[in-house]
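For reference, the structure discussed in these notes is given below.
As the structure is a computational prediction, the values presented were derived from the model and not from experiment. Basis for what follows: all heavy atoms, side chains included, without hydrogens, waters or symmetry-related copies. We count ligands from 1, going down the list as the structure has it; atoms in each ligand are counted the same way. The chain is numbered in sequence order, starting from 1.
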Amino acid sequence: MTESLRNSEETLLATNRQLQMLIQSSPLAIYTRDLNGLLTSWNPAAEKMYGWTAAEVLGKPLPSVPGEKRDESDSLRKRLLSGESSIKFEGQRLRRDGSPIYIDASLGPLHDASGSASGIIAMAADVTERKRVELQQAMEHQITRQLSEAATLEQVTPEIIRTICESLGYACGAYWIWDPGTRQITRAQTWSVDSAEIEAFLAQDRDTRALPIGPGGLLRRVLASGEPTWIRDVTADPSFRRGPEALKAGLRGAFAFPICFGNETLGIMEFFDRGSHVPDEVLIQSTRSIGSQIGQFLARWQAEERVRRLAHFDDLTGLPNRSMFNQRLSHALARARRADESLAILFIDLDRFKNINDTLGHGAGDHVLKEIAQRLRGCLREADTVSRLGGDEFVVLLEGASRPEDVVEVAQKILAAVARPVLLESQEFHLTASIGISTCPGDSDDLQGLMKNADIAMYRAKEQGKNNFQFYSSQINVHTLERVALESDLRHALERNEFLLHYQPKVDIGSNRIVGMEALVRWQQPGKVLVPPAQFIPLAEETGLIVPIGEWVLKTACLRNRAWQDQGLPRLRIAVNLSARQFAHVHLLQDVARVLNETGLDPAWLEFEITESMVMRDPEHAVTLLQGLKAMGIHLSIDDFGTGYSSLSYLKRFPLDSVKIDRSFIRDIPGDGDDASITQAIIAMAHSLRLRVIAEGVETEAQLQFLRVNGCDQMQGYHFSRPLPEAEFLRLLKGAVPAARKPVTPG
Ligand code: C2E
Ligand code: MG
Ligand code: MG
């Protein structure tokens, strides 16, 4: 070995030693790998950075590369082995404890003595800290941007939760709204990675719950400290109440921070992950700032919401104001047009409201308006709108109100609600309202037209004496209105005891003595005129109310007749009219038997008047029914005879006792030849069938004469007496005939 050669060998050895020292003491992780990617060296800095010792990893693949990053790592190695001189790489790797580490690495190829590639060398710095700060800054920026672009809190919160989860590596998160007044916490929004277990964990807290005061799990700790808080392992922390559910979802680490505005906590954001994280000071700082950013957004949003309320709602009553009402009405009109539906608006004006304001002051007036607003709300469905237009004017929008009856029902409800007394300074005040109604389609198809028409109708209601409602279109007024009002009143008439009976005598034409009477129902509402049956019997028929009303008539008639007999008055038969509906009622026989039994009236003193059409509708049924009644001993007669299409011979099949000639024939006798001959024929034929004949509606002496001459048995009519209230009827029976009605003298 020559001197120079030895010298250069020594130099080489020295250089090698220095290189080894450098590698051993370098703060950079330095490791080499062979052509197959197996580790051939692993310096102490690498041991420290990644957590594996050289002994554990030499001869093995790089342990810090997670499964999903293997391909990326292999391709880097191949690029170097095929000639690339150096590669800079920055990315995420794993430590031995599973925690992520960010590295900034320089990679280069190794060559053997012959100059061919023998492996690669890597020098890596741990830049996790720097990277984390960068990520957190990026996260803060992104959240700031999300908040500045947010339309609503509901929309932006899940986005923010997602950003935080993705930036910090959490699997899921939730936003809770905190109400310090009630100490209630409500879970508002969530976001999670795609996992059924985790979604189930989040879904368990759907309801509001009250948080007890005192130490506790994550949420209560945040509330108590007002600071970001974390739990390494919620499944091992007994104070965390959702521990078992978290365990099921495989969640361990938890982190939460408050959403604050000033000193006030408005809510909490919480996050969970499968691994445990311990936030550093930078993250804590950063979540503090995010929490207050969201808090400011929330506070601003709430303030804007207040402004929106003021712009769209009436301050006093909280009802939508005119501008909001117009908005809703135009939407409703568009919808109605599209769906071919109808709607109605009701203009409501309180009657004499000014009096309250003038005499009791504005405070009292305000109180009344608030009270009325609440009552109006109570009259409507959720979908309907009631708005205060100003002063004492309200307006209601009913959508999908196709039948006038439904609108009427609401109007009646409103009138009744307003009429309930209002308590002012412990004194009861009585208010009424006038309502004008317009409908679409019908009255108008546009907003202005509808409002104008409802207003006009409202003034009409005022003219009609207030405390009522009017439709703009007058046709509906007359028909529906009266009918519906009548029906509603009729429903209550029985329980309010508003029915009474008048009695009209039936007189024997030969002897001119009273031989019976017909009970005729009357309806007397307090403070109103007596309503004759023609005005409510048809409606009672249609609604079925005739059944209970008829039963009341029957019972009262029987009861009174029995009472008169008990008073020693002459025994007379009382006739009661049966309606078609009663006649068709399955329990008629039973009901009649029960009434007779209860009142103790001998059936011989009861008579039913039925019409031809009733027996003609279902003759089979009629025969059975009439036979049943007959078997009880009740008399049966055909009312209004001659107006139907039946012939007397047909009626022979029925067990009848008498026929009553309709008053339309009697009216024009004896002058009208046709009527005179019809009357004569009816009398003759009835007699041939052994039926008694009575003429109804006898008003004149001439009529009576004609009937007497033609052998009619009995008569009933104004000529002898109008139908009378009980007291007057009894005076007549006892012979004290009212002065206005002169007794008929036999001719
Ligand atoms: P109806 O059974 O034919 O009763 C006779 C009607 O003629 C009564 O009218 C009576 O007031 C009227 N009338 C009696 N004499 C004269 C007269 O000389 N001239 C004129 N123009 N009219 C006379 P009202 O009481 O108004 O009853 C009308 C109808 O109402 C009755 O006709 C009957 O069908 C029905 N109705 C009355 N009460 C009841 C009842 O309790 N139940 C049922 N189902 N229907 C009843
Ligand atoms: Mg009758
Ligand atoms: Mg009649």
**Item:** Partner residues of Gln374 under the side-chain contact (heavy atoms from CB on, under 4.5 Å) criterion, sequence neighbours left out
**Value:** Glu371
**Message:** Can you tell me how far apart NZ (Lys555) and CD (Glu598) are? Round to the nearest 0.5 Å.
**Reply:** 4.5 Å
**Test log, rule side-chain contact (heavy atoms from CB on, under 4.5 Å), inputs Ile509 and Asp713** = CA-CA 6 Å; Ile509 291 180; Asp713 303 293; over 6 Å; no
**Item:** Residue Val521 vicinity, atoms of ligand 1 by number, heavy atom under 4.0 Å
**Value:** 38 (N), 39 (C), 40 (C), 41 (O)
**Request:** Indicate, as side chain, backbone, both or neither, the part of Val553 found under 4.0 angstrom from ligand 1 when only non-hydrogen atoms are considered.
**Result:** side chain
**Asked** What atoms of ligand 1 come closer than 4.0 angstrom to any heavy atom of Gly717?
**Response** 15 (N), 18 (O)
**Prompt:** So is His719 polar-close to ligand 1, meaning N/O to N/O under 3.5 Å?
**Reply:** no
**Asked** Is Asp455 paired with Lys452 through a side-chain N to carboxylate O contact shorter than 4.0 Å?
**Response** no
**Request:** Give a yes or no on whether Tyr459 atom OH has more than 12 heavy-atom contacts from other residues, nucleotides or ligands under 6.0 Å away.
**Result:** no
**Asp640, portion touching ligand 1 at heavy-atom distance under 4.0 Å** = side chain
**Item:** Derivation of the side-chain contact (heavy atoms from CB on, under 4.5 Å) call for Glu518 and Tyr503
**Value:** CA-CA 6 Å; Glu518 181 175 12; Tyr503 305 93; over 6 Å; no
**Asked** Where the closest heavy atom to atom 25 (O) of ligand 1 is concerned, which of Arg667, Gln504, His502, Arg522 has it?
**Response** Arg522
**Item:** Part of Val698 with heavy atoms under 4.0 Å of ligand 1, whether side chain, backbone, both or neither
**Value:** backbone
**Near-ring test Phe499/Phe536, centroid separation under 6.0 angstrom** = yes
**Message:** Between Lys660 and Gln716, do the side chains contain a donor N or O and an acceptor N or O under 3.5 Å apart?
**Reply:** yes
**Prompt:** Does Gly550 come within less than 4.0 angstrom of ligand 1, counting non-hydrogen atoms of the residue?
**Reply:** no
**Request:** Under 4.0 Å, heavy atoms only, figure out whether ligand 1 is touched by the backbone of Arg722, its side chain, both or neither.
**Result:** neither
**Message:** Rounding to 10°, state the angle centred on the Mg ion (ligand 2) that links OD2 in Asp639 with OE2 in Glu518.
**Reply:** 170°
**Request:** Show your reasoning for whether side chain to side chain donor-acceptor pair (under 3.5 Å) applies to Glu495 and Asn497.
**Result:** CA-CA 5 Å; Glu495 67 204 33; Asn497 224 352; over 6 Å; no
**Prompt:** Is Arg663 touching ligand 1 with its side chain, its backbone, both, or neither, if touching means heavy atoms under 4.0 Å apart?
**Reply:** side chain
**Message:** Judged on heavy-atom distance to atom 29 (C) of ligand 1, which of Ala580, Pro723, Pro533 sits nearest?
**Reply:** Pro533
**Prompt:** How wide is the angle at the Mg ion (ligand 2) between OE1 of Glu609 and OD1 of Asn577, to the nearest 10°?
**Reply:** 90°
**Complete:** Sorted by chain and residue number, the ring pair (Phe, Tyr, Trp, His ring centres under 6.0 Å) partners of Phe394 (sequence neighbours excluded) come out as none
**Message:** Which of the numbered atoms in ligand 1 are under 4.0 angstrom from any heavy atom belonging to Ser579?
**Reply:** 44 (N)
**Asked** For atom 21 (N) of ligand 1, which candidate among Met715, Lys660, Glu696, Glu699 provides the closest heavy atom?
**Response** Glu699
